[in-house]
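So that the names make sense, note that chain A is the first sequence line, chain B the second, and so on, each numbered from 1.
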Amino acid sequence: MKTLDTLVARHNNSHNHDSFGIPMLHAQSLCKQVMTAAGELKILENVSLSVAAGDSLAITGASGSGKSTLLGILAGLDQPSSGTMTLHNKELTAMGEEGRARVRADHVGFVFQSFQLLPGLTALENVMMPLELHGRDCARGKAEFFLTRVGLKDRLQHYPQQLSGGEQQRVAIARAFASDPDILFADEPTGNLDSATGAHVIDLLFELNREQGATLVLVTHEQRLAEHCRQRISLEGGKVVERFPMEMACCEAV
Amino acid sequence: MSPQSMLLPLRLLWRNWRSGEIRILAGALVLAVTVVTCIAVFTNRLETTLVAESHTFLGANRIVRSSQPIPEGWQALADEAGCRTARTTQFASMVFAGERMHLAAVKAVTAGYPLVGHLTISEQPFATDPLQMLEAQTVPAPGEAWADSRLLPLLDIELGETLSVGEKDFTVTRVIIDEPDRGSSFALYGARLLINDSDLAATEVIQPGSRIRYHWMLSGSEIQLQSLLTELKPRLTPHQRVMDVESAQQGLANTLTTARKFLLLSAMIGVLLAGVAISIAARRFAGRHVEQVALMKSLGASGWAVRNIYGIQLVSLGLVTSLAGLVLGHVLQEWIAKALASLYPVELMAGDWTAYGLGLLTGMVCLMCFVVPPLWHLPMVPPIKILRRELEVKGLRFYWQSMLGLLALVFLIALFSQDLWLTASVVSAVVALLTLVALFAFGLLALGRRLGSQVGNIWRLALSGLQRNLRQSIIQMMVFALAVMLLLTLTNLRTNLINDWQLQLPPETPNHFLLNITPAEVADVESMMRSDGLEAKGMYPMVRGRLTHINGEIPSQEIAERAEVLRREANLSWTESLADDNKLVKGVWWDQWFEPGVYGVSVEEEIAGELGLSLGDDLRFSVGGLRLEARVASIRSLKWDSMNPNFYFLFSPGALDSFSPTYLTSVYLPQQDKLFINDLLQQFPSVLVIEMDRVIAQVQSIVTQVSFGVELMLWLVLLGGFLVMWAAVSSSMEARMQEAALLRALGSSRNRLLGSLWIEFSVLGFLSGIMAAVGAEVLILSIQKWVLEMPLQIHWMLMLWGVIASTALIGVMGVISCRRVMTTPPALILRELS
Ligand SMILES: Nc1ncnc2c1ncn2[C@@H]1O[C@H](COP(=O)(O)OP(=O)(O)O)[C@@H](O)[C@H]1O
Ligand SMILES: [Mg+2]
């Protein structure tokens, strides 16, 4: 299959540049505050970070610490109150929603805690959906390839209802990779799964990420999962309280 | 737009359909279009047919009736307008054969008669077998005459023998079985004799001063007729009148008008119900799709792309459902027409395409006003919703959506009915009901909250179920109440109408009038009827007299032109008690009328209007050269369509005693007893008979036809009502299922849950039923008063049944749609719904 060949080729490429030179993601002093009935609520305070292409970042923290908010801003789903954000050399904070949608369409993939599969579509159709949305060709071939890759070859025509949580998340992973993203955002992808299934899903996620050479941003509250990532930051009350490796601190200084 | 971008929405639409998400929506859209198409096309066909059919009452599309010959020059006008014409000349004349004679109703006709309908003749007197009958292709040849079968035994002749009218002899060559325009000449009595117009002069019976009725029959397209009539109108003298079906057949025309209004009302209610179902389904669809849109957006779909995706889906859905509705509506009305064909031998004519257009328009308006608004905000859903599920996405304000929906309904209703009162009644009833429900519901639910803490377990569970979802419950209650109200209204109006029609012409409606019975003959005529098992419907004294003076003065020229009653003799009668179908509008009846030395007269409403009469006016009549004076004591309204003997002027008892009145009665004669007339006439030669049997039979069969149509429409609309209620029940199902599953997981027993669901929905049904019953009552009364102009009455039984049925029905629907909770492991449901 042609698709397979190109994919394999690309997989090999990604091993060649281990330098993480070009930043895929660059955030500078992101702040987010909202007005609530009780007054102004600061959700994110002065968060800066940088992730190179092909690198991986884990965002950890307790529930309510602002992880999802940060992820939303990094992925261009939401705007920060202040600060700048570039993704793939495009300054998201300077764009409107339509521009950001374009960037998401071209470069971004998602895996969500609650899987977010459309209940009316089969596994195959769910994976094909984003491809069809952007008018990509070979939607079916790609979808079948990735579903096979996540081990659901026999479940193509099954509806989400007929799949277990772990299987649903694998469909979601196939969907995310099928559109060939440069960067993948995952918001607590194991949050709704038991630990054995979660571990399996995470392995799969990292495996595919390596194969595809994509950049990965992973939100999790499990330290164990975060350790799979090369970079880690930890949030508390919207502030970065811990960073690994330390050299990242210099980014903040810039 | 690339074919690619067309493809995805279509695929999604297909997948949405497959997953059952849009089935209720699509079903409701189809229903709206089906109901409207079916009713519009059917009504249209029925109307076209019945109008054409009823023209056979006239034997033409229009008739110019005159007491003088039609001016020669008018024929040219008719030719110019492209109308076909025929002339008939009718008069009463003695016909002779040997020693025998009979006062016959002679009709001389020109070639072409009748212009509409058929003259059925036979070579076999009293033929009843259709094989022995044929449709006359011509009129009697000069020198020939066609006669009613019963004329032959009256004159003691056979077919082929001769009779004479005035100075001219005719050979009777055929008998007349049926004559289309018989109904338009009630005033003539006696057996029919049909001759050729060219023989008329030779009879020499037409003398100056003889009472002759000239009919100029016209037919053509409505446009041709109108253009001719515009030319004619200024030329008409007071002696000439244009008659159409309405003026010839008031009762039938009324039936058709009410039937049409009823059908339109059904269509309207059907659309209203479907509109509500569509709105509910669309809101539900929108709710389910917010996250899907957020997902698509997170995947990079722009607002535009989303708009396209949903826009194309909606347009396709609209097209497909409208098409399906058109086809279904067509098939359904075709089916109804087929079913009718077995009841009634006249085939329905084709409807015109505008009726289908109405169906299509309905589909589009429903789509724009009920489906689009709830979905309007979907393209604006922020992508971050995918990460923050608790984020509330605001749609178009419910208020605005409701207003838009209401506006659309007003538009559709006005479009269908083109009747201001009907539109106003329905719309204001709907608005009033909704307001009432909202107020009532808030109050009751608040009360329930207080009560809830004092009642048993199951009740508490049920009441808290209602309260947790106050808004939802109120909307549901509105929907239920609306549906029940409209269904009650329609059911009741249908029953009323059909009863009313059947009352007008019950199976044994008197179909013959006997006139000119002398006081001495009354007892004998009655006993002769009795011995034949027949029953006379009252004996009315009658004298013929002409109104000459009002308040001692000869009426002005102006009044004389307006009131035909001044130009001819009227039938005068007196009576002790007022008949059922007469109603006093003004003044008092004889039991309360005390004006010593003066006779009273009660005048029919319309005539009183034409003559400008008011209570206390003195009238003078000339009765056979004698003077009759009376004072207007009351004004009465009449039901002319009741086919009972009715009089413009009814006097107080004794007023006519000195004028040697004759008597009038009516009787029902079954077809096989028809010859009774001959026996009667043989024995009482001076008695006159008006035969109404054919007219009545025809009207009855039309009423049957229309009733059947009305009945079927009712069922169609009932179906719509159920759909709406189902949509409303299932719109809250998810939340309820989740709750119920949770409760079951927490150990609630099946029965307890079932009981609480049952109570919850029954309470909803009960409350809605009460409000619906009140609303329906008010709506029915206003429709009866202003639209159908029927007498008002309160319907306690209907209200009672409405409440009972709505409680039971909604309770059952609720339990049925939740039954899965009881049979499926709770874990499975919770997982599905999470
Ligand atoms: N738009 C908003 N309005 C109000 N509160 C918000 C908004 N966005 C986030 N929050 C609040 O900010 C906090 C951080 O949210 P989130 O980023 O979802 O945390 P995490 O994903 O780490 O659990 C939460 O308390 C959340 O309720
Ligand atoms: Mg979160």
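Interface residue Arg175(A): only side-chain heavy atoms are found under 4.5 Å from chain B. Both the backbone and the side chain of Arg15(B) come within less than 4.5 Å of a heavy atom of chain A. Only the side chain of Tyr159(A) comes within contact range of chain B, judged by heavy atoms closer than 4.5 Å. For chain B, the nearby part of Glu97(A) is the side chain; its heavy atoms alone come within less than 4.5 Å.
Rounding to the nearest 0.5 angstrom, the gap separating the CG atom in Leu25(A) from the CG atom in Asn89(A) is 11.5 Å. A distance of 11.0 Å separates CZ of Arg23(B) from CG of Asn16(B), quoted to the nearest 0.5 Å.
Nearest approach of Leu218(A) to Leu225(A), heavy atoms of both residues: CD2-O, 4.3 Å.
Comparing Met129(A), His107(A), Gln116(A), Arg102(A) by how many heavy-atom pairs each has under 4.5 Å with chain B, the most go to Gln116(A).
When the heavy atoms of residues 291-302 of chain B are compared with those of chain A, the residues falling under 4.5 Å are Glu291(B), Gln292(B), Leu295(B), Met296(B), Lys297(B), Ser298(B), Leu299(B), Gly300(B), Ala301(B), Ser302(B), listed by number.
Taking the six-membered ring where the residue is Trp, His289(B) and Tyr310(B) present perpendicular rings, their angle passing 60° and hence far from 30°.
Ser164(A) and Glu167(A) share a donor-acceptor pair across their side chains, judged by distance under 3.5 Å alone.
Cation-pi geometry between Arg307(B) and Trp304(B) is met: the NZ or CZ atom falls under 6.0 Å from the ring centre, inside 45° of the normal.
Using a cut-off of 4.0 Å between Lys/Arg side-chain N and Asp/Glu carboxylate O, Arg388(B) and Asp78(A) are scored as not salt-bridged.
Remark: Glu40(A) CD is packed, more than 12 non-hydrogen atoms of other residues, nucleotides or ligands lying under 6.0 Å away.
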